[in-house]
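Structure, as structure tokens:
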Protein chains: 2
Amino acid sequence: MKEIEVISEIRKFNRSYVRSIGLLQKTFLDTNYSLTESQVIFLVKEQGKTTATAINKVLQLDEGYLSRIIKKLISDSLLIKEQSQTDKRCFEIMLSPKGIEEQRKMDKLSSESVRAIISHLSETEQQELAGSFQRIMALLYKENRHKTS
Amino acid sequence: MKEIEVISEIRKFNRSYVRSIGLLQKTFLDTNYSLTESQVIFLVKEQGKTTATAINKVLQLDEGYLSRIIKKLISDSLLIKEQSQTDKRCFEIMLSPKGIEEQRKMDKLSSESVRAIISHLSETEQQELAGSFQRIMALLYKENRHKTS
DNA sequence: GCTGTTTACTTGCTTTAATCAAGTATTTTT
DNA sequence: AAAAATACTTGATTAAAGCAAGTAAACAGC
């Protein structure tokens with residue numbers, strides 16, 4: 001297989017895969033939140049007590065836009081915000097109990113949607129599938145570590 | 001590996017992969033068109049002389065929204081539209097010469113962006129990569145043929 | 001310890017993306 | 001020939017995202 005065929009194969013995968021995992025939908029996973037809002041929630045969960053700036057290192061949204069998303073999530077009582085005592089420019093944000101619950105719910109739904117896709121596969125096939133995904137990640141993200149940071 | 005670990009592996013892949021192929025960006029590939037507009041262009045290329053309805057069987061957008069996208073692409077001279085003689089409700093749309101050129105340009109850019117990701121891999125690794133992608137597609141889309149349609 | 005500069009975040013305004021609902025013209029069904 | 005369905009359009013609205021200007025605090029240089 002020539003490089004050009006490899007590329008074509010990958011692009012074929014991209015087209016069908018992205019459609020199948022439903023990442024293009026407006027509301028993510030039938031919760032009331034958009035993909036972007038969900039990403040914020042997941043990142044706060046991941047980073048624990050964090051800040052808008054830290055979140056935006058990952059998501060790279062417009063600052064104003066992110067500020068408003070956080071505001072909305074606070075008014076929905078999913079997030080808590082308090083001014084840092086050591087640096088009063090910063091506001092520490094974290095998940096509220098309700099936010100933790102919501103994040104868990106999303107996490108479950110996301111797992112379920114993946115499960116639905118793989119459930120008809122045999123044990124062995126599932127192993128193969130996971131192996132292939134791992135192999136791809138290993139190949140794609142190898143040797144790029146020094147470039148990425 | 002248990003099913004739950006398989007799921008977690010796939011979700012890990014989803015997160016990093018979708019980010020890396022830049023499918024979340026506003027303008028696709030640094031052309032002046034959004035992802036949705038690009039999809040329309042690619043579908044017209046794929047389907048040849050086609051209609052809004054046929055395109056929307058795939059994309060499932062709001063009809064009005066699609067109508068406006070087509071309108072814009074026509075005013076940009078990428079698409080040509082003419083009323084069907086056999087069914088005057090329908091309008092046949094196709095790529096103009098300029099549209100063909102634009103589609104080719106996008107196609108090249110898309111290939112280039114994939115090439116950039118795999119170029120540092122050896123011949124053998126590229127084979128492996130393509131093989132893994134193929135294996136995944138085979139597994140995911142097998143036995144679903146009767147459900148899909 | 002004042003003076004610019006940078007950092008963290010907010011707010012008002014605008015643009016772009018997407019949806020909703022109603023409407024026209026044509027074809028199909030009965 | 002009337003009713004229903006199909007193909008598409010248009011006006012109005014909502015939601016997502018971006019731009020620019022602004023506040024407040026921290027930092028850096030002198």
Side-chain angles (χ1 to χ4, degrees), chain A residues 18-19 22-41 43-44 47 49-76 78-94, chain B residues 18-19 22-41 43-44 47 49-76 78-94:
Chain A
V18 170
R19 201 161 293 161
L23 211 54
L24 16 64
Q25 264 94 35
K26 1 62 243 121
T27 90
F28 186 52
L29 299 169
D30 265 311
T31 58
N32 299 308
Y33 298 99
S34 70
L35 175 63
T36 307
E37 289 164 339
S38 306
Q39 286 180 306
V40 171
I41 295 169
L43 274 173
V44 175
Q47 303 184 346
K49 189 187 282 184
T50 187
T51 65
T53 302
I55 290 170
N56 226 11
K57 285 237 163 66
V58 182
L59 295 183
Q60 308 199 141
L61 307 170
D62 176 78
E63 288 178 282
Y65 180 38
L66 177 56
S67 175
R68 271 181 258 258
I69 289 176
I70 291 170
K71 200 182 190 182
K72 177 188 170 190
L73 295 176
I74 288 168
S75 89
D76 284 3
L78 300 188
L79 297 184
I80 296 165
K81 180 172 87 172
E82 55 187 41
Q83 194 165 32
S84 162
Q85 281 316 299
T86 62
D87 183 344
K88 291 189 176 168
R89 289 171 306 177
C90 300
F91 292 83
E92 293 165 339
I93 57 183
M94 60 205 104
Chain B
V18 170
R19 200 160 295 160
L23 210 55
L24 16 64
Q25 263 97 33
K26 359 62 243 127
T27 89
F28 187 53
L29 298 169
D30 266 311
T31 58
N32 300 308
Y33 297 99
S34 70
L35 175 64
T36 307
E37 289 165 340
S38 306
Q39 286 179 307
V40 171
I41 295 170
L43 274 172
V44 175
Q47 303 183 347
K49 189 186 281 185
T50 187
T51 64
T53 303
I55 290 171
N56 227 12
K57 286 237 164 64
V58 182
L59 295 184
Q60 308 199 139
L61 306 170
D62 175 79
E63 289 178 282
Y65 180 37
L66 177 57
S67 175
R68 271 181 259 258
I69 288 176
I70 290 170
K71 199 183 191 181
K72 177 188 170 189
L73 295 176
I74 288 168
S75 90
D76 285 2
L78 300 188
L79 296 184
I80 295 165
K81 179 172 87 171
E82 57 187 38
Q83 194 165 31
S84 162
Q85 283 315 301
T86 61
D87 182 345
K88 290 189 177 167
R89 288 171 306 178
C90 301
F91 292 83
E92 293 165 340
I93 58 183
M94 61 204 102

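Every chain is numbered from 1, with letters handed out A, B, ... down the list of sequences.
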What contact category does Lys72(A) fall into here, base, sugar-phosphate, or nothing, at under 4.0 angstrom with non-hydrogen atoms?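 Counting heavy atoms under 4.0 Å across all strands, no contact is made by Lys72(A).
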Does the side chain of Leu79(B) reach to within under 4.5 Å of the side chain of Ile70(B), using non-hydrogen atoms?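 Yes, side chains in contact.
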To the nearest angstrom, how far is [X] atom [atom1] from [N] atom [atom2]?
X	N	atom1	atom2	value
Gln60(A)	dG18(D)	CD	P	11 Å
Leu66(B)	dT10(D)	CG	C1'	14 Å
Leu35(B)	dA17(C)	CG	C1'	12 Å
Lys71(A)	dC9(C)	NZ	P	15 Å
Lys57(B)	dC8(D)	NZ	P	10 Å
Leu61(B)	dC8(D)	CG	P	13 Å
Ile55(B)	dT9(D)	CD1	C1'	15 Å
Lys81(A)	dA8(C)	NZ	P	15 Å

Worked verdict on Asp76(A) versus Tyr33(A) for side chain to side chain contact (heavy atoms under 4.5 Å, CB included): CA-CA 11 Å; Asp76(A) 284 3; Tyr33(A) 298 99; 2.6 Å; yes
If you compare all heavy atoms of Leu78(A) against all heavy atoms of Ile41(A), which two are closest, and at what distance to 0.1 Å? CD1-CD1, 3.9 Å
Is the side chain of Ser67(A) donor-acceptor paired with the backbone N or O of Glu63(A) at a distance under 3.5 Å, no angle test?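 Not confirmed, Ser67(A) side chain does not pair with Glu63(A) backbone.
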Is there a donor-acceptor pair under 3.5 Å between the side chain of Gln83(B) and the backbone N or O of Lys88(B)?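 Side chain of Gln83(B) to backbone of Lys88(B): a pair is present.
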Quiz: residues 51-61 of chain B side-chain donor-acceptor pairs under 3.5 angstrom, not counting sequence neighbours:
| from | atom 1 | to | atom 2 | distance (Å) |
| --- | --- | --- | --- | --- |
| Thr51(B) | OG1 | Ala54(B) | N | 3.1 |
| Asn56(B) | OD1 | Gln60(B) | N | 3.2 |
| Asn56(B) | OD1 | Leu61(B) | N | 2.7 |
| Asn56(B) | ND2 | Leu61(B) | O | 2.9 |

Check the pair Glu37(A), Lys72(A) against salt bridge (charged side-chain N to carboxylate O under 4.0 Å, His left out), reporting the backbone distance first and the verdict last. CA-CA 9 Å; Glu37(A) 289 164 339; Lys72(A) 177 188 170 190; 2.8 Å; yes
Distances under 3.5 Å between protein N/O atoms and the N/O atoms of nucleotides 27-30 of chain C, please, pair by pair.
| from | atom 1 | to | atom 2 | distance (Å) |
| --- | --- | --- | --- | --- |
| dT27(C) | OP1 | Lys88(B) | N | 2.9 |
| dT27(C) | O4' | Arg89(B) | NE | 3.4 |

Please produce a list of atom pairs where a protein N or O lies less than 3.5 Å from an N or O of nucleotides 20-22 of chain C.
none

Can you tell me if Ser67(A) touches the phosphate of dT11(C), counting only side-chain N or O atoms and a distance under 4.0 Å to OP1 or OP2?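 Checking Ser67(A) against dT11(C): no side-chain N or O falls below 4.0 Å of OP1 or OP2.
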So, OP1 or OP2 of dA15(D): does either fall under 4.0 Å of a side-chain N or O from Ser34(A)?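 Negative; the distance criterion is not met.
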First encountered from the 5' end of DNA chain D, between Gln83(A) and Phe91(B):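 It is Phe91(B) whose nearest nucleotide is closer to the 5' end.
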Check the side chains of Ser84(B) and Thr86(B) for a donor-acceptor pair under 3.5 angstrom, ignoring hydrogens and angles. yes
